[in-house]
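For reference, the structure discussed in these notes is given below.
As a basis for the values below, the full set of heavy atoms in this structure was taken, side chains included, without hydrogen atoms, waters or symmetry mates. Model, not experiment: these values are computed from the prediction.
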Amino acid sequence: MDTDKGLMTPVIKAAGDLSIAGIARATTEFADRARTGRLTPDDVPGATFTISDTGCRDALFETVAVPPGHVAMLGGGSVVKRPAVVEADGAAAIDIRDMVPVAVVRPPPGGRRRRRPLSGHRQDAPGVRRPRRGPHADRGVQRSVSVPPQGPRRLMAPGPPPHGCHKSNASSVLLGMHPVTSRESAAPPQPDDYTVSAEFYDVLQAQQDAIRVHHLYSDAVRGARLGVLDVGAGTGRVTLMSLLESEVGVHAVEPARAMRTSLMTRLASLPAESRARVTVHPHPLDQAELYEVADVAICHNTVASLSSAVRRALWPSLARAIVPGGSLHLQLPPARLPDAEVVRPFPAQRVGRHEYGGRMVMSADGARIRTRFDYWVCAGRHVLREHTETFWMWPASRAEVIDQLRPQGFRPLPDGTRRTDTSVLTLTLGRPRTSFRTPGHAGR
């Protein structure tokens, strides 16, 4: 997409699951967001097939280098007039027709080291990362991600391991501004959101989080009559609780592959009748095309990690997915920046001969909150592994969140009906909506 700031290549995720109309809507939305500078880093990487308009440069054909992870690229040339043989009144005739030459470029046959996108592995090339500051960091004509000019930066010491442990052969690195897994092998890292946390979460945090989720949302879920929407489902604590506490269908939205893998593993262990009530959506809510599927929606541990622009894009999707009169239960982000560094240790847990430990460190960084997770595995007094994963949070007060949701028809519950836990904001969707349904969505 050509913009004033250069060429942008946003990626329509899970395009195979969309109809022609859905792809057209996604293309129109991306074009508008690209030209107004509202693309996010998550909109750029992950492509497996790219369509390029070479005709805009008056070219007929163009042979391009296919980026790693792509199965092919399609280029459409200029519209030209060409003679063509046509049938007219049962006889052949020559007519002048408008034609568009189309070129399909595939990668050359590779050896064992070449991965195909259909294998299920992440296809980022070695050393490739997401743009640092929004979509304008990538100005390549047909690239899906930007290539950094320098190698990874070593993260400054993330903090000491538990008392009595000594460091072993482990390292921690931070690429750009997204989570990274530290590795002991010589292979180039291929980061995926929440890769480290997905490994350590169940051991260090899941039990306490399950108790908290039940306390915060179980009453609302028991009252669901149509469906439950779990936005940012993570490893599935809200989804599993909803299956236990209600008899309705559950829509679990989780774009991060690492978290979704844990979620699917949990669902696979459930009885078939329980699994039949869960639909997992592997892309963001605004791409899931959900319309009035739930009367209870829950955003647990999700909104804080979204910037203001991404939050504003989320609210209309929530309003479309909930029926009028339905409720939204939203765990609020921090109201302000921390005055000093906050350290929250996780109780150590033993698994076999190893002890797993970790901590969360929060600190102000400009207008954001830097949230760093340090994890380690010890055997006796020696640290076998250390990993660090960094996320960002954007603070917002309760009043600010309410003001953002109000134009979509959401209203906070009256004072007398609010929950005593102030970390959760509960709202109802009061405005009737008749314009969100489109042909083909009935019965979803």
Side-chain angles (χ1 to χ4, degrees), residues 13-14 16-19 22 206 209-210 212-257 259-303 314-331 408-410 424 426-430 432-434 436-444:
K13 305 293 176 60
D17 297 333
L18 300 178
S19 62
D209 201 27
R212 180 165 175 75
V213 161
H214 188 274
H215 167 71
L216 293 177
Y217 312 114
S218 60
D219 289 344
V221 168
R222 290 190 196 103
R225 295 295 177 265
L226 174 63
V228 175
L229 175 64
D230 182 8
V231 181
T235 62
R237 286 301 168 189
V238 171
T239 296
L240 294 180
M241 182 273 294
S242 300
L243 290 174
L244 292 174
E245 299 293 340
S246 74
E247 307 250 338
V248 298
V250 179
H251 290 267
V253 178
E254 181 48 65
R257 178 182 297 172
M259 288 294 188
R260 198 169 61 249
T261 299
S262 297
L263 169 62
M264 296 303 295
T265 300
R266 285 196 169 94
L267 294 179
S269 66
L270 297 179
E273 57 269 20
S274 296
R275 291 200 308 270
R277 290 196 284 129
V278 185
T279 303
V280 178
H281 302 274
H283 17 71
L285 183 61
D286 58 348
Q287 298 178 25
E289 293 190 331
L290 298 178
Y291 295 86
E292 298 187 359
V293 297
D295 54 345
V296 174
I298 297 173
C299 295
H300 177 70
N301 197 23
T302 300
V303 175
L314 173 65
W315 306 145
S317 302
L318 279 170
R320 287 192 291 268
I322 304 173
V323 294
S327 61
L328 169 62
H329 305 264
L330 185 150
Q331 187 178 28
Q408 305 302 326
F410 288 103
V424 174
T426 301
L427 310 98
T428 59
L429 184 62
R433 296 167 293 108
T434 58
F436 289 138
R437 278 197 177 276
T438 57
H441 288 118
R444 282 199 173 197

If you take all heavy atoms of F410 and W315, which pair is closest and at what distance? CE1-O, 4.3 Å
Using a cut-off of 6.0 Å, state whether more than 12 heavy atoms not belonging to E247 lie near its atom CD. no
Would you mind writing out the side-chain donor-acceptor pairs for residues 235-242 within the sub-3.5 Å range, not counting sequence neighbours?
| from | atom 1 | to | atom 2 | distance (Å) |
| --- | --- | --- | --- | --- |
| T235 | OG1 | R266 | NH1 | 3.2 |
| T239 | OG1 | D230 | OD2 | 2.8 |
| S242 | OG | V238 | O | 2.8 |

Compare every heavy atom of A268 with every heavy atom of R275, then report the nearest pair and how far apart it is. NH1-O, 3.5 Å
Do V424 and Y217 have side chains that approach each other closer than 4.5 Å (heavy atoms only, starting at C-beta)? yes
Output for pair (Q331 CD, I298 CD1), nearest 0.5 Å, gives 11.0 Å
Which heavy atom in V231 sits nearest to a heavy atom in C299, and how many Å separate them? CB-SG, 3.7 Å
Taking all non-hydrogen atoms of both residues into account, name the closest pair between G227 and D295 and its distance. O-OD1, 2.9 Å
Verify side chain to side chain contact (heavy atoms under 4.5 Å, CB included) between L270 and V278, making sure each step is shown before the conclusion. CA-CA 11 Å; L270 297 179; V278 185; 5.5 Å; no
Student check: side-chain heavy atoms of H329 and V296 closer than 4.5 Å: yes
Decide yes or no for R257 and P282: does some side-chain heavy atom of the first lie under 4.5 Å from some side-chain heavy atom of the second? no
Excluding sequence neighbours, so at least two apart, what forms side-chain contact (heavy atoms from CB on, under 4.5 Å) with P255? P284
What distance do D219 atom CG and H214 atom NE2 have between them, rounded to the nearest 0.5 Å? 8.0 Å
List the atom of G234, the atom of E254, and the distance in Å for their closest heavy-atom pair. N-OE1, 2.6 Å
Distance (rounded to the nearest 0.5 Å) between L328 CG and L429 CG: 9.0 Å
Taking side-chain contact (heavy atoms from CB on, under 4.5 Å) as the test, write out the residues that go with V248, two or more places apart. A224, V228, S246
Nearest 0.5 Å, what's the CD-OG distance between E289 and S317? 10.5 Å
In terms of relative ring orientation, are H251 and H281 parallel, tilted or perpendicular, with 30° and 60° separating the classes? parallel
When you compare the side chain of L229 with that of L318, does any pair of heavy atoms fall below 4.5 Å? yes
Validation row: D209, H300 side chains within 4.5 angstrom (heavy atoms): yes
Separation between CD1 of I322 and OG of S327, rounded to the nearest 0.5 Å: 7.5 Å
